[in-house]
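Below is one structure, written out as structure tokens; comments come after it.
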Amino acid sequence: MDKQQLKDDYGVELWDQDRIQAFRETVLSWYDAHKRELPWRETRDPYKIWISEIMLQQTQVKTVIPYYKRFLETFPTVEDLADAYEDDLLKVWEGLGYYSRARNMHTAAQQVVQEFGGVFPSNMKGLKSLRGIGPYTAGAIGSICFGLVEPAVDGNLMRVIARLFEVDLDVKQAKNRKVFQAIAEHLIDPDRPGDFNQALMDIGATICTPKNYHPERSPLKEFNSSYVNKTWEYYPVTSKNKPPTPYTYLAIIVRDAEGQYLMEKRPNEGLLSNMWTYPLIDVKDLDETGWRAVQPTAIEHLDDEMSGQVEHIMADRYNLPLTIRPQVDGDVVHVFSHQKWTLYLIVADLQVEAVTDNIPDNCQWIAPDEFSQYTFPVVQQKLVTAYREQTLF
DNA sequence: TAATCGTGGCG
DNA sequence: TCGCCAAGATT
């Protein structure tokens, strides 16, 4: 996309070549003086940069740092990662979120070994062919590790560019990304593309921030048309998020005679795939009067009717004869990006001489001292904590 | 294209 | 408390 089209189609007035050159020098000298010291900035090894870039997707730097170090200790090379068991990979990723990233990395590592002889591809086509590497990550790895003159358009870059050029396009709409990409392609420094990309990301993360933005403090203020025109509070344009859909579950806690708990491995696809939780019953699986009673407000007891239904479901799904305690032993609220879960802790007692070895394949009896060998989502860890707090008294 | 996919922090 | 957001990719 050329300058004329940017102006005609999107109302973006790009600068002349002299101003672009001055901008590059300002950005890079700021970076040389003020860049953040980060673990992945001590190397240009594409394997390590790749790990960092995947972890940094939608995740803050502070959160990533300990995971990055632990990951490289566990899987020092791409061959180690390619040969790993997926459960071991998931365990290292535990708590970081967006777990499909881990599974995609596993696939991509095998691609690197099998299709590229264990050597990371050094061009954009090869990088994008790897599972989990999209346009941003390909640009980041390409520019940082191989000096490719490719922008790395993430949320930071779009916010910075939107303010610099007063871009009236919704940064949350995927179709608008190409406009920011085109602008960045004109701006990027051809001699130091990796530093240029990281510099704009650092400026976006530390100065040109979403909130508490003070444009007068920015090294780019003289280039910033939204600052000159006093319109910065309108940029970037962002549409509203859809609120998370509410769900309500009963988390059933069953302990056998040996003190082990019934746990279930979630399906291979979808939310929290392959991770372990207590058995969860969606209250919509209860009959109409049942779940309507549970939905709106917090509950403290299950009535006889509901207890009977839960017992029936547990017998049906887990082949276990149980007696449900009607008392609710605490509740947990957990918000995902698109779902909001409310969970009620329900304790179930095994009936006398119950047979416990007919549970489904995706279920296991797990003792507390074995918990560290399994991967639990944060919502499950919250359930454990809530249960301990309740039963302490 | 719009929805899906986690978690932690902040105003 | 709630909505927003963070170095996005996939379908």
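Protein chains get the first letters and strands the later ones, always in sequence-line order, with residue 1 at the start of each.
- Looking at the side chain of A:Asn156, the nearest of the listed nucleotides B:dT7, C:dA7, B:dC10 is C:dA7.
- Between A:Lys62 and C:dA6, a side-chain N or O to OP1/OP2 separation shorter than 4.0 Å is absent.
- The structure places CH2 of A:Trp341 at 6.0 Å from CG of A:Leu280, a figure rounded to the nearest 0.5 Å.
- Checked for salt-bridge contact, A:Arg317 and A:Asp285 meet the test: a charged N lies under 4.0 Å from a carboxylate O.
- Within 4.0 Å (heavy atoms only), A:Pro243 reaches no atom of the nucleic acid at all.
- Residue contacts shown for A:Gly270 are limited to sugar-phosphate atoms, with no base heavy atom under 4.0 Å away.
- The residue A:Lys382 sits apart from the nucleic acid: no heavy atom pair falls under 4.0 Å.
- Across B:dT7 and C:dT11, the matching C1' atoms stand 23 Å from one another, rounded to whole Å.
- For A:Thr63 and B:dG9, a side-chain-to-base donor-acceptor distance below 3.5 Å is absent, hydrogens and geometry of angles not being considered.
- Annotation: the span from A:Glu79 atom CD to A:Gln110 atom CD amounts to 12.0 Å, rounded to 0.5 Å.
- The phosphate of B:dG6 (OP1 or OP2) has no side-chain N or O of A:His334 nearer than 4.0 angstrom.
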Checklist line | Audit row: A:Trp276, A:Tyr261, ring-ring contact (aromatic ring centres under 6.0 Å, His included) steps and yes/no | finding: CA-CA 12 Å; A:Trp276 292 80; A:Tyr261 291 88; over 10 Å; no
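- Residues A:Arg41 and A:Leu130 both approach DNA chain C. Their nearest nucleotides, taken by heavy-atom distance, put A:Arg41 toward the 5′ side.
- A salt bridge between A:Asp2 and A:Lys7 is absent, with no side-chain N of the basic residue lying under 4.0 Å from a carboxylate O of the acidic one.
- Side-chain N/O atoms of A:Arg159 include one lying less than 4.0 angstrom from OP1 or OP2 on C:dA6.
- As judged by a 4.0 angstrom heavy-atom cut-off over every strand, A:Trp341 is placed among residues making no nucleic acid contact.
- Nucleic acid contact for A:Leu38: base, since at least one base atom lies under 4.0 Å from a heavy atom of the residue.
- Looking at heavy-atom distances under 4.0 Å, A:Ala152 makes no contact with the nucleic acid at all.
- Here the side chain of A:Leu272 is nearest to one of C:dC5, C:dA7, B:dT7, namely B:dT7.
- When each of B:dC5, C:dA7, C:dC4 is scored by its nearest atom to the side-chain atoms of A:Leu56, the top-ranked nucleotide is C:dA7.
- Using C1' as the reference atom, C:dT1 and B:dG8 are 16 Å apart when rounded to the nearest Å.
- Proximity note for A:Lys175 (side chain, C-beta onward) versus B:dC5, B:dT1, B:dT7: the nearest is B:dT1.
- Under 4.0 angstrom from either OP1 or OP2 of C:dA6 there lies no side-chain N or O belonging to A:Gln58.
- Checked against C:dC5, B:dC5, C:dA7, the side chain of A:Tyr98 finds its nearest nucleotide in B:dC5.
- Comparing B:dG8, C:dC5, B:dG6 by their closest approach to the side chain of A:Val378 singles out B:dG8.
- Looking at heavy-atom distances under 4.0 Å, A:Val335 makes contact with a base.
- A:Ile366 contributes atom CD1, which lies 10.0 Å from atom OH of A:Tyr278 (distance to the nearest 0.5 angstrom).
- Spacing between C:dA9 and B:dT1 at atom C1', rounded to whole Å, works out to 15 Å.
- Taking only distance into account, the side chain of A:Ser337 meets the base of B:dG6 through a donor-acceptor pair shorter than 3.5 Å.
- C:dC5 and B:dC5 have their C1' atoms separated by 15 Å, given to the nearest Å.
- A:Lys172 has a side-chain polar atom (N or O) that falls below the 4.0 Å cut-off from OP1 or OP2 of C:dC5.
- OP1 or OP2 of B:dC5 has at least one side-chain nitrogen or oxygen of A:Gln339 nearer than 4.0 Å.
- Listed nucleotides: C:dA9, B:dA2, B:dG6. Nearest to the side chain of A:Thr137: C:dA9.
- Closest to the A:Pro210 side chain, of the nucleotides C:dG8, B:dT7, C:dC5, is C:dC5.
- Contact between the side-chain N/O atoms of A:His338 and the OP1/OP2 oxygens of B:dC5 is found at a separation under 4.0 Å.
- Among the heavy atoms of the strands lying under 4.0 Å from A:Lys240 are primed sugar atoms or P, OP1, OP2 only; no base atom is included.
- Residue-to-nucleotide contacts include a donor-acceptor pair under 3.5 Å from the side chain of A:Arg36 to the base of C:dA7.
- Distance from the side chain of A:Arg131 is smallest for C:dT10 among the nucleotides B:dG6, C:dT10, C:dA9.
- Here the side chains of A:Asp170 and A:Pro236 are not in contact, with every heavy-atom distance at 4.5 Å or above.
- Comparing C:dC5, C:dA7, B:dC5 by their nearest atom to the side chain of A:Asn241 picks out C:dC5.
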